[in-house]
2 protein chains.
Amino acid sequence: MASRAKATILDIAREAGVSKSTVSLVLQGSGLIRPETAVKVRKAIEDVGYVYNRGAANLRKAHSNVIGMVINDLTNPFFAELAVGMERVFQSAGIVPFIANTAENPVRQEEVLKSLMEQGVAGLIVSPARGTTPGAFRRLETAGVPVVFAMRRLPDSRIPVIAPDNHRGAWLAATHLIGKGHRRLAFFGGTSDLVVYQERLGGFREACDASGIARRDVLVVEGETSRRGGIACLETALALPEPPTAALCFNDAVAFGVMLALRKRGLEPGKDFAVVGFDDVVEAEHYMPALTSVSVDTPGLGERAAHVMLKMIQSRTTHAEDHIGAVNLVVRDSCGPDRRTQDRPAGIGDAA
Amino acid sequence: MASRAKATILDIAREAGVSKSTVSLVLQGSGLIRPETAVKVRKAIEDVGYVYNRGAANLRKAHSNVIGMVINDLTNPFFAELAVGMERVFQSAGIVPFIANTAENPVRQEEVLKSLMEQGVAGLIVSPARGTTPGAFRRLETAGVPVVFAMRRLPDSRIPVIAPDNHRGAWLAATHLIGKGHRRLAFFGGTSDLVVYQERLGGFREACDASGIARRDVLVVEGETSRRGGIACLETALALPEPPTAALCFNDAVAFGVMLALRKRGLEPGKDFAVVGFDDVVEAEHYMPALTSVSVDTPGLGERAAHVMLKMIQSRTTHAEDHIGAVNLVVRDSCGPDRRTQDRPAGIGDAA
DNA sequence: TCCTATAAATGGAACGTTCCAATAAATCAA
DNA sequence: TTGATTTATTGGAACGTTCCATTTATAGGA
């Protein structure tokens with residue numbers, strides 16, 4: 001029924017009896033056209049079922065209004081929370097961010113970035129996949145497209161980063177565990193090729209060292225940053241002759257896996273083994289037992305990243321300051337005291 | 001450092017000493033050009049740091065290669081699973097789907113659809129937000145853009161739908177509950193403006209009627225399709241003089257909320273109150289207790305939707321057959337028998 | 001040798017928009 | 001009235017590609 005060939009501004013112009021330039025002006029909301037003319041044009045736009053062709057417009061205009069969001073794991077609810085924060089600020093700027101998933105695969109990431117660039121994005125917010133090569137963002141840089149890293153960073157790059165204070169978060173968590181009387185600790189999940197991993201492990205180690213925990217009493221098990229990874233980590237740890245009694249997990253997904261694996265073995269998370277997560281996703285509060293976790297204000301970081309992006313686009317620069325978000329430990333039920341401490345009658349102020 | 005103005009095929013042509021047409025041919029992988037020439041051109045492409053301008057190309061070409069995916073709730077892991085299925089098939093077709101979130105907001109959805117259309121998408125896979133007006137997709141239709149609905153449908157539209165057999169799934173779940181001896185049942189969550197809701201509630205009702213459960217013994221509580229909605233539903237139900245002993249929930253998120261609220265009241269899900277979910281997201285298996293849920297093969301539906309989309313684009317049609325996916329009930333630990341039945345010594349084959 | 005067939009490469013028009021410079025119409029100052 | 005100024009509107013060139021119709025080079029057949 002509808003006219004087959006799609007309508008252009010020329011069709012609108014004919015319909016409204018004005019020139020294409022006038023239509024263009026109306027489309028851009030220019031104040032130069034007479035209100036009555038604008039009304040007439042807008043009516044014609046409706047009548048012909050016009051769809052604006054942004055591709056054509058971008059041919060002339062300097063900037064598009066598309067912002068891409070490249071994330072490494074869509075199934076991790078953490079990133080959904082991050083995305084929601086960003087969307088809040090982009091929405092009020094009249095921008096619709098497009099989300100693309102790389103599924104932690106650098107090759108896929110390459111494709112995604114290429115596709116986004118070809119689309120002419122105005123900017124990119126990226127949480128790089130693990131194993132991303134240093135040169136992966138070279139092209140973006142030479143093209144002058146503003147890029148912001150969220151949550152993760154690349155070893156030597158000059159791209160601005162929005163991330164939580166990983167070092168401090170891990171330090172907080174470890175200190176808490178030690179304060180509960182634990183003396184053999186573990187760090188579960190993640191891989192050393194991630195900068196975040198280094199930071200979190202660093203904070204963890206620092207707290208252990210400061211409290212005089214011997215190096216041989218801290219166990220580090222690398223693994224996938226997922227529930228499955230957590231399960232695997234716990235299995236490895238408990239197979240050891242002298243297993244740890246508490247663990248800080250790389251993120252909440254890992255922690256959930258650990259709790260699951262504990263249950264499968266008939267152990268009670270929090271009582272028989274203490275576990276702390278990282279990120280504090282909304283599920284953490286609702287788990288059984290509720291997960292103690294390092295809260296990073298995820299939507300807040302998303303908002304911040306979006307703001308930085310907007311500012312970069314506006315000032316047509318490709319640089320910006322890093323932003324390290326404050327963290328704090330949310331203590332819930334997943335980490336009680338060390339069993340050995342617990343066996344003795346515990347007095348008030350029973351410190352480690 | 002990099003040449004400021006971005007390179008075009010003309011720059012490549014100059015660099016390689018050929019015509020722009022030749023470059024274009026190489027870009028499209030045409031077999032018409034001599035291999036040595038192709039190599040020369042490809043080198044030039046690298047040298048000038050060229051980025052393909054898809055907007056310009058789409059001006060001439062009939063179809064773009066962008067497919068949009070519009071989902072109503074990014075934070076529901078269910079949709080992440082759906083997206084993952086789709087991505088699998090699109091990836092092998094060399095397509096990067098762009099995901100956009102509407103957050104269950106029809107106004108936002110309007111913006112998202114508009115933006116995607118302006119971008120010149122080749123097709124759209126949509127899970128419409130609740131409260132979507134019937135005319136919301138009119139524009140898409142007149143523009144001849146292929147659209148597929150996933151999971152949700154609109155009352156009177158002719159747009160093809162990929163969805164699970166909601167009626168049967170709910171029927172299965174209700175029958176299971178009744179078989180466990182429950183006589184006062186509830187349906188929690190969702191709102192009647194959703195077609196899916198009608199279908200699921202319909203299957204539920206049918207099973208109740210068939211088993212001779214009186215209408216006044218089935219309670220229907222509408223609510224948000226989220227954890228929070230589930231909490232609210234349970235509160236309402238338990239405030240009643242004769243509360244139900246079991247509930248089928250609109251989806252797993254609601255079920256999680258219900259279990260949570262039960263715990264808060266000191267009740268044990270599965271023992272004191274039976275709950276069944278819908279969708280069977282991966283978390284269901286890992287919950288405490290593990291959630292009995294209607295499995296719909298989410299990634300499979302995603303794949304199917306993507307295939308249908310691809311076929312529609314290829315055959316440049318805007319119609320396709322609906323696809324109703326098989327479902328089955330995965331029985332786990334969240335629904336034991338009715339307490340009253342349980343109080344009596346239960347014999348083998350203790351049927352309802 | 002010339003003609004024809006095939007292979008490879010090319011120029012130019014078109015796609016739908018924006019933006020500049022130019023025009024036309026309306027208003028004002030003298 | 002005339003010229004200057006302001007307000008609305010407009011034609012045309014440009015943006016970076018594709019694709020058609022040509023041209024040019026290469027080879028084969030007589």
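Proteins come first, then strands; the chains are lettered A, B, ... in the order of their sequence lines, and each starts at number 1.
Note that OG1 of B/T132 is 14.5 Å distant from CZ of B/R153, once rounded to the nearest 0.5 Å. In this structure, CD1 on A/I95 lies 12.5 Å from CD on A/E87, to the nearest 0.5 angstrom.
The stretch residues 14-30 of chain B touches DNA chain D through B/K20, B/S21, B/S24, B/Q28, each having a heavy atom within less than 4.0 Å of the strand. Contacts with DNA chain D (heavy atom under 4.0 Å) in residues 110-119 of chain A: none are found.
For the pair A/K6 NZ and C/dC15 C1', the computed distance is 12 Å after rounding to whole Å. Atom CG of B/N58 and atom P of C/dT17 are 13 Å apart (whole Å). Taking atom CD1 on B/I9 and atom C1' on C/dT10, their separation rounds to 12 Å, with Å as the unit. We find that CG of B/L32 is positioned 18 Å from P of D/dT22, with the value rounded to whole Å. Rounded to a whole Å, the CZ atom of A/R34 is 11 Å from the P atom of C/dT27.
Overall, the helix from C/dT1-D/dA30 to C/dA30-D/dT1 carries an axis bend of 60° between its ends, with five pairs at each end and the value rounded to 10°.
Across every non-hydrogen atom of B/V161 and B/D322, the tightest pair is N-OD1, 3.1 Å. Scanning all heavy atoms of the two residues, the minimum distance from B/V96 to A/A100 falls at CG1-CB, 4.5 Å.
Salt bridge absent: B/K311 and B/E321 never bring a charged side-chain N and a carboxylate O closer than 4.0 Å. Using a 4.0 Å cut-off between a side-chain N of Lys or Arg and a carboxylate O of Asp or Glu, B/E118 and B/K114 qualify as a salt bridge. The pair B/R152-B/E104 counts as a salt bridge, with a side-chain nitrogen and a carboxylate oxygen less than 4.0 angstrom apart. Ion pairing between a basic and an acidic side chain is recognised when a charged N comes within 4.0 Å of a carboxylate O; A/R108 and A/E111 show such pairing. Contact check on A/E110 versus A/R139 returns no salt bridge, with no Lys/Arg side-chain nitrogen under 4.0 Å from an Asp/Glu carboxylate oxygen.
Taking only side-chain atoms of A/Y52, from C-beta outward, the nucleotide of D/dT18, C/dG16, C/dT18 with the closest atom is C/dT18. Residue B/L59 has its side chain nearest to C/dG16 when only C/dC19, C/dA8, C/dG16 are considered. Listed candidates were D/dG16, D/dC19, C/dT17. Nearest to the side chain of A/Y50 is C/dT17.
Within a 6.0 Å sphere centred on CZ of B/R88, heavy atoms belonging to other residues, nucleotides or ligands number more than 12.
Residues B/F137 and B/I159 have side chains in contact (heavy-atom distance under 4.5 Å, counting atoms from C-beta outward).
With sequence neighbours excluded, the residues satisfying side chain to side chain donor-acceptor pair (under 3.5 Å) with B/T22 are B/S19. Here A/S24 pairs with A/Q28 under the side chain to side chain donor-acceptor pair (under 3.5 Å) rule; sequence neighbours left out.
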Show the distances under 3.5 angstrom between N or O atoms of the protein and N or O atoms of nucleotides 24-26 of chain C.
none

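When heavy atoms are screened at a 4.0 angstrom cut-off, B/I33 is found touching the sugar-phosphate backbone but no base atom.
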